[in-house]
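Notes to accompany the following structure.
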Amino acid sequence: MRLATWNVNSIRTRLDRVVDWLARADVDVLAMQETKCADSQFPTLPFFELGYEVAHVGFNQWNGVAIASRVGLDDVQVGFDGQPGWSAKPGLDPAPEARALGATCAGVRVWSLYVPNGRTLADPHYGYKLDWLAALRDAAAGWLHDDPAAQIALVGDWNIAPTDEDVWSPEFFAGATHVSEPERRAFQAVVDAQFTDVVRPFTPGPGVYTYWDYTQLRFPKRQGMRIDFILASPALAGRVSAAQIVREERKGKAPSDHAPVLVDLRDG
DNA sequence: ATGACTTTATATTAAAGA
């Protein structure tokens, strides 16, 4: 089975590219982030015509996560228990955001995740990001506690570069989000809860990234960040036979600023 | 070994992205 994750940066703008790649890449399950649309706007039919079921959650033009699967799509859950909400203005009650979607695909519990950006270290969004990650860790630890043999994949755009090797220039990002110690600790806490980065062993650095800013010729200059991850529970990690970051998909006309990341799983 | 930001919406600027 081939499982992939991709921040598509608008599914409506990227539909042709995403569908073309799905058809070519033999992907069984694709988790998408930043679909940037409401549920009613999601283009389900092209996926259906290729043999994929789709689950999506999107409330407006921001965020939005989806899972497309041709090997079953069961027990769809919008958001994880304890997922914090966001108040756009001080004093407003926090509202849920479309940043997490779970579904079971051929026995694998897949979570499509779009971790909050954080904006700047001084922004309330940064505290929201850390809270969100802590709540995700707690929820995921609970799933494994309930069933240590569970096959769980936490996949998506984590908006964190776990080490200095995961950014093209640590100096450039000094004082910015994505590289701060609290963010890195929050990511490590998920890893410590037994969710392993199963892509890195197959895509060693340095200079290996999943995201390149649209500005400043970052992609041709190979100046990127590694912020998209597939983390696997022990039972799932044992099935991984290969992994790729599909850099080709960042090339050409109207690409997303992220590349797809995928793993191949042995029968289990 | 690639291409000089991109997306969305109460739109002609603002907000968000990272």
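Computed from a predicted structure; not experimentally measured.
Side-chain N/O atoms of R218(A) include none lying less than 4.0 angstrom from OP1 or OP2 on dC5(B). Applying the 4.0 Å criterion to OP1 and OP2 of dA18(B), one finds that Y126(A) has every side-chain N and O outside that range. The phosphate of dT7(B) (OP1 or OP2) has a side-chain N or O of R14(A) nearer than 4.0 angstrom. Applying the 4.0 Å criterion to OP1 and OP2 of dT6(B), one finds that R250(A) has every side-chain N and O outside that range. A sub-4.0 Å separation between OP1 or OP2 of dA4(B) and a side-chain N or O of T215(A) is absent. Phosphate proximity of dA18(B) to N159(A): present, with a side-chain N or O under 4.0 Å from OP1 or OP2. Under 4.0 angstrom from either OP1 or OP2 of dC5(B) there lies no side-chain N or O belonging to N9(A).
As judged by a 4.0 angstrom heavy-atom cut-off over every strand, Q41(A) is placed among residues touching the sugar-phosphate backbone only. Heavy atoms of S10(A) sit under 4.0 angstrom from primed sugar atoms or phosphate atoms, though from no base atom. Within 4.0 Å of G118(A), counting heavy atoms only, lies no atom of the nucleic acid at all. Residue contacts for F172(A): at a heavy-atom cut-off of 4.0 Å it reaches no nucleic acid atom on any strand shown. Across all strands shown, Y211(A) has heavy atoms under 4.0 Å from sugar-phosphate atoms exclusively, and none from any base. Across all strands shown, N63(A) has no heavy atoms under 4.0 Å from either base or sugar-phosphate atoms. R222(A) comes within 4.0 angstrom of sugar-phosphate atoms only, judged by non-hydrogen atoms across all strands, and of no base. Using a 4.0 Å heavy-atom distance criterion, D157(A) is classed as a sugar-phosphate-only contact. Counting non-hydrogen atoms under 4.0 angstrom, N117(A) reaches a base of the nucleic acid.
Using C1' as the reference atom, dA15(B) and dA1(B) are 36 Å apart when rounded to the nearest Å. Nucleotides dT7(B) and dG3(B) are separated by 14 Å at their P atoms, to the nearest Å. One P atom belongs to dG17(B), the other to dA4(B), and the distance between them is 23 Å to the nearest Å. For the C1' atom pair drawn from dA11(B) and dT6(B), the interatomic distance equals 15 Å after rounding to whole Å. Between the C1' atoms of dA16(B) and dT2(B), the separation comes to 26 Å (whole Å).
Between the C1' atom of dT2(B) and the OH atom of Y209(A) lies a distance of 16 Å, rounded to the nearest Å. One atom, CG of N60(A), and another, C1' of dA11(B), lie 16 Å apart when rounded to the nearest Å. Here dG17(B) presents its P atom at 9 Å from CG of D123(A), a figure rounded to the nearest Å. Following rounding to the nearest Å, W212(A) (CH2) and dA4(B) (C1') show an atom-to-atom distance of 17 Å. Counting to the nearest Å, the C1' atom of dA15(B) and the CD atom of E97(A) are 14 Å from each other. For the pair F173(A) CZ and dG17(B) C1', the computed distance is 13 Å after rounding to whole Å. Between the OH atom of Y214(A) and the C1' atom of dT8(B) there is a distance of 13 Å, rounded to whole Å. At whole-Å resolution of the value, CD1 in I11(A) and P in dT7(B) are 13 Å apart.
Comparing atom distances between the Q61(A) side chain and each of dT8(B), dA18(B), dA16(B) picks out dT8(B) as nearest. Listed nucleotides: dT6(B), dT2(B), dA9(B). Nearest to the side chain of P220(A): dT2(B). Each of dA9(B), dA18(B), dT6(B) was ranked by its minimum atom distance to the side chain of H258(A); first place goes to dA18(B). Relative to the side chain of H125(A), the nucleotides dG3(B), dG17(B), dT7(B) differ in distance, and dG17(B) lies closest.
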Criterion salt bridge (Lys or Arg N to Asp or Glu O under 4.0 Å) on E165(A) and R200(A), from CA distance to verdict: CA-CA 12 Å; E165(A) 195 176 72; R200(A) 190 55 162 177; 2.7 Å; yes

Intermediate values then yes/no, salt bridge (Lys or Arg N to Asp or Glu O under 4.0 Å), R70(A) and E53(A): CA-CA 6 Å; R70(A) 64 180 186 188; E53(A) 299 173 82; over 6 Å; no

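The ring of F80(A) has its center closer than 6.0 angstrom to the ring center of W132(A).
For the ring pair (Phe, Tyr, Trp, His ring centres under 6.0 Å) with F229(A), the qualifying choice from Y211(A), F187(A), F195(A), W111(A) is F187(A), the only one to do so.
Minimum interatomic distance between F219(A) and K251(A) (heavy atoms only, all atoms of both residues): CE2-CG, 3.5 Å.
Donor-acceptor pairing under 3.5 Å is lacking for the side chains of S256(A) and N9(A).
Between F172(A) and W168(A), the ring-plane angle classifies as tilted under the 30° and 60° cut-offs.
From F173(A), atom CZ reaches atom NE2 of H178(A) across 8.0 Å, with rounding to the nearest 0.5 Å.
When each of T13(A) and D213(A) is assigned the nucleotide of DNA chain B with its nearest heavy atom, T13(A) is the one assigned upstream, toward the 5' end.
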